[in-house]
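Comments concern the structure below.
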Amino acid sequence: MKNISKDVLSAVKNHVASTGGLRVTGLYNLFWDNIEHELIDAVLIHTRGNQSKAARMLGIDRNTLIRIRKLRR
């Protein structure tokens, strides 16, 4: 299995480099928001939209999954 942390590290390096040396702020929220949404979308695709199965795979309560998805809208 590919090491996800290496992908994250690469993404952060690329993002910082793309700023052209400008001051970078808010990286935690920027990356967490994007990673969380991509993770949830990928798991929901895998479970064919079954929120109960997706929540189990993610290790969170189904209601938490629903709340997170509502916050995205």
Side-chain angles (χ1 to χ4, degrees):
M1 176 185 234
K2 194 173 180 182
N3 190 337
I4 294 172
S5 63
K6 288 182 182 179
D7 292 335
V8 173
L9 178 61
S10 177
V12 171
K13 285 181 178 180
N14 289 337
H15 178 74
V16 171
S18 73
T19 65
L22 299 175
R23 184 177 165 168
V24 177
T25 61
L27 279 176
Y28 180 85
N29 287 335
L30 173 70
F31 276 85
W32 178 249
D33 289 346
N34 284 290
I35 291 169
E36 180 181 48
H37 296 162
E38 292 297 328
L39 174 63
I40 289 171
D41 288 346
V43 171
L44 283 167
I45 289 168
H46 178 76
T47 62
R48 297 182 180 163
N50 186 312
Q51 293 180 346
S52 294
K53 287 181 181 180
R56 273 194 301 278
M57 284 184 74
L58 292 165
I60 61 175
D61 184 79
R62 183 176 170 272
N63 291 328
T64 301
L65 176 61
I66 292 168
R67 182 181 50 78
I68 292 168
R69 293 187 71 217
K70 284 183 181 178
L71 290 174
R72 289 173 45 183
R73 296 178 189 173

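In this structure, H46 places its NE2 atom where only 12 or fewer heavy-atom neighbours from other residues, nucleotides or ligands lie under 6.0 Å away.
At a threshold of 4.5 Å between side-chain heavy atoms, the hydrophobic network of Ile, Leu, Val, Met, Phe, Trp and Tyr places V16 and V8 in one connected group. Residues V24 and I35 are members of one and the same hydrophobic cluster, defined by side-chain heavy-atom contacts under 4.5 angstrom among Ile, Leu, Val, Met, Phe, Trp and Tyr.
The nearest pair of heavy atoms linking R62 to S52 is CD-OG, 3.2 Å. Looking at every heavy atom in both residues, A55 comes nearest to L65 through N-CD2, 4.0 Å.
Annotation: side chain to side chain donor-acceptor pair (under 3.5 Å) contacts of S5 (sequence neighbours excluded): N3. By the side chain to side chain donor-acceptor pair (under 3.5 Å) test, D41 pairs with R72, sequence neighbours left out.
Here Q51 contributes atom CD and T64 contributes atom OG1; the two are 12.0 Å apart, rounded to the nearest 0.5 Å. Taken to the nearest 0.5 Å, the CD1 atom of I68 stands 4.5 Å off from the CD1 atom of I40. Interatomic distance, D61 CG to R67 CZ, rounded to the nearest 0.5 Å: 9.5 Å. The structure places CG of L9 at 13.5 Å from CD1 of I4, a figure rounded to the nearest 0.5 Å. Interatomic distance, F31 CZ to E36 CD, rounded to the nearest 0.5 Å: 15.0 Å. Interatomic distance, L71 CG to I66 CD1, rounded to the nearest 0.5 Å: 12.0 Å.
Contact annotation: the side chain of R69 approaches that of L44 to within less than 4.5 Å [non-hydrogen atoms, C-beta and beyond].
Remark: side-chain polar atoms of S18 are paired, donor with acceptor, to backbone N or O of H15 under 3.5 angstrom.
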